[in-house]
Amino acid sequence: MTASLPSSPWAGRLRGLGAALFSLAATLLGLLFVTFIIGRVVPIDPVLAIVGERATEAQIAATRTALGLDQPLWQQFLIFVGNALQGDLGTSIRTGEPVLQAVSRAFPATLELATLATIIGVLAGVPAGVLAATRPGSLADHIVRLVGLMGYSMPVFWLGLIGLLLFYGVLGWVGGPGRLDAAFDMMYEFEVTPVSGMILIDTALAGRWDMFVNAISHLILPAGLLGYVSMAYISRMTRSFMMNELGQEYITTARVKGMPEWRVIWVHAMRNVLVPLITVIALSYAYLLEGSVLTETIFAWPGLGSYITDALMVNDMPAVLGGTVVVGVAFVLLNLLSDLLYRLVDPRAR
Amino acid sequence: MTLLSVKNLRVSFDTEAGLVEAVRGVSFSLGRERLGIVGESGSGKTMTGRSVLRLVRPPGRIEAEEMRFDGQDLMALSERDMRRLRGPRIAMVMQDPKYSLNPVMKVGDQLMEGLRQRDRLSRSEARAKAVAALEAVQIRDPERVLEAYPHELSGGMGQRVMIAMMLIPNPDLLIADEPTSALDVTVQAEVLSILDGLVRDRGMGLIFISHDLRLVARFCDRVLVMYKGRVVEELAARDLLAARHPYTQGLLNCLPRIGGDRGPLPGLDRNAEWAR
C-alpha cells in the first residue's frame, strides 16, 4: 500500500496569485478612498489655500469649479481615482509643481536611507537575535536585550542630535546634514545622470567614486541610526522566533542525525524562522519608509518625510495627499513582496 | 555481546519549581536484541531513550555510573565525538512525523543530508541511496516523495520516511520512541512490520519505547516496565502476560479486549511504594 501525493500545485499557485492581485487592487482603491476622505475632512479649504483670503467671490467660485469641488462627492472621488491612475496626483499649491514630479525626486532619497538602514538592521539584528536565542540567560543574551531596549526607548531625534554632535561636530568622522557636501551637490546636479535618484547607485553607475564615498559619509550616520532602531526590533523578534523553533521536534531529529550545531541553527531552524521574520523585516522596512520624518528633519535629508512635513506646514494639501498616496503604495507593494517571499520559504502556504 | 550497558542512569531537571527527577537510577543492558520499555506518560521512558543519545534539553542533566556503548564511555565523550556516534551508530525514530520532520525542507534534502554533509557523497550518489532507502520502507514512488514536503505526506508515509532516514547510515542501535502511536491502527501494523523486518535483517539493537504492553510483548525480546523514573520489573516478553508486579498487571488490565467483558475498565493502581 502506498499513499499517493496530491496533484501538481501549479493550479493552486495560479489561483493564489489571482487572489493576491485582486486584494492588491482592492487595497489600493481603499487607500485612495481614505486619502480622499482625509483631504475632505481636514478643516483646510483648498480654494482658500490657493486664492488667498482677499480673493473676490467670482475668483473663489471659478477656482471651485476648476478644482471640481462643485460636483457631488462621489464624482469628485472618481475624478481623483482617475487622475491618480494616470499618475496625476495634483499640483502643489506651494510650488506649482506637479506633486508626482516632486515626490519622485524626494522618494529615492528616503528609499536609499530606509534600504540601507534595513540592511544594517537585518545584518546586525538577525545574528544578535540568534546569539541571544541559543544562549538564553547568558551575558550575550542580556547585552542584546539591553541594546535592543535602548533602541526601542531612546527618541530618534535625541540620538540623531547626539550622533551629529559627536561624530560630525567633535570627531569629524562623517559628513554632516544633507546628502552630499555642498561642493559635490552642484557637481551631482550637472555631472551625474539620475538613473534611480539614489545617489549611491547613480554615482556608482557614473563611476564617480569620489562622490560615492562622500555620499556614504553623509548616509552612514542617519542610516546607522535608523538601522539601530530596526535592529532593536528585528533582534527581539528573531530571538523569540528562534527560541520557539529550537524547541521543536525536528531540531531533535537533526541532532539525532549527528548534524553539527551550526547547521541545526542556521539551516534547520533558520529556514523556519525566516517564515515569520520576513513579515517582520518588511514591516520594519515599511515603517522606515513612512516614518523617518524626524530623522530626515535632523539630517536635512530631502526625502519624502521632509516633503510631506513641509507641505503640511503651509496647508499644501495636494502635496500632502500625493505624498501619502505614494507612501501607501510603497507600503502595499512591500506587503505584496513579503507575501510572495513568504510563499517562497513556506511550502505550506503555497 | 553487550552493545549498550547503562548503570544507575539519572535525569533531573533543575526547574524554578524545584528539582524534578525524570529518571531515577535506571540500569539495563542490551545486546543485538529488541528491548521494550513500557510505562505510562511521565514514567521516564522517553528520557531514558534520549539520554543514550545525550539529547536531553537543558536544564535537563544526565548522570550515570556507567553508560557504555560498544566499549565507549558515553558520559566521557566530548560533544564532538558524541556527534560522530549520532546517526551512523545510534539513531532514533520519534513519535509523530508531523513534528519530527522539518516542515520547510524537501523530504529528499532531509534524507540526503547525512550522506551529503557527513559522507560527502555527490548529489546523484546520495539520491540513489535515498531512493533505495525509501524502497526499503515500501514507498512505491520514491522519486516523487523525494521532491515532496512533509505536509504533503500522510502520517504513515511520514513515519516510513523517518525510519528510512534513520536507517540510511546503518546504525547499530535504533531507539524507537512510540514510533506508531500517532498513526492509525491499520497503518501501525504496516509500519511495525517494516521496522521489524529491517531491524531483524540488519541485526540492530532496538530499544522500543511504548505504552502499549501487548504490542511490546509481540514485538520485543525483553521488557522493562518503568514507573515514576524507576524500573519496577524486567522480564522476558513472552512472560509479560504472566507478570507478577501489580503495576504491570494494572497496565495490562486497563487495555480493553475484543470480545471481553464490556464493563468499565479498571483504573491504574498506583502505589508510591513501588517507586522507592
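So you know, we letter chains A, B, ... as the sequences are listed, proteins then strands, and number each from 1.
- In this structure, the side chains of A:E249 and B:D96 stay at 4.5 Å or more apart for every pair of heavy atoms.
- For A:L246, the part sitting under 4.5 Å from any heavy atom of chain B is the backbone (N, CA, C, O) and nothing else.
- With rounding to the nearest 0.5 Å, the separation of CZ in B:R118 from NZ in A:K257 is 9.0 Å.
- Neither the backbone nor the side chain of B:E79 comes within contact range of chain A, judged by heavy atoms closer than 4.5 Å.
- Interface residue B:R50: only side-chain heavy atoms are found under 4.5 Å from chain A.
- Of the atoms belonging to B:Q110, heavy atoms from both backbone and side chain fall under 4.5 Å from chain A.
- More than 12 non-hydrogen atoms from other residues, nucleotides or ligands lie less than 6.0 angstrom from CZ of B:R202.
- The neighbour count for A:Y152 OH, taken as heavy atoms of other residues, nucleotides or ligands under 6.0 Å away, is above 12.
- Between chain B and the options A:R255, A:R263, A:R271, A:Q248, heavy-atom pairs under 4.5 Å are most frequent for A:R263.
- B:M94 touches chain A through its side chain: at least one heavy atom from C-beta onward sits under 4.5 Å away, while N, CA, C and O do not.
- With a 4.5 angstrom heavy-atom cutoff, B:L55 touches chain A only via side-chain atoms.
- Within the 4.5 angstrom heavy-atom criterion, no atom of B:I175 approaches chain A.
- At distances below 3.5 Å, at least one donor-acceptor pair connects side-chain atoms of A:T253 with backbone N or O atoms of B:S100.
- Interface remark: B:M82 contributes no atoms to any contact with chain A (heavy atom separation under 4.5 Å).
- Annotation: maximal heavy-atom pairing with chain A below 4.5 Å, among B:Q117, B:M166, B:E113, occurs at B:E113.
- When each of B:H151, B:M105, B:E152 is checked for a side-chain contact (heavy atoms from CB on, under 4.5 Å) with A:P347, only B:H151 meets the rule.
- Heavy-atom distances place no part of A:P136 under 4.5 Å from chain B, backbone and side chain included.
- For B:Y99, the parts lying near chain A are the backbone and the side chain together; criterion is any non-hydrogen pair under 4.5 Å.
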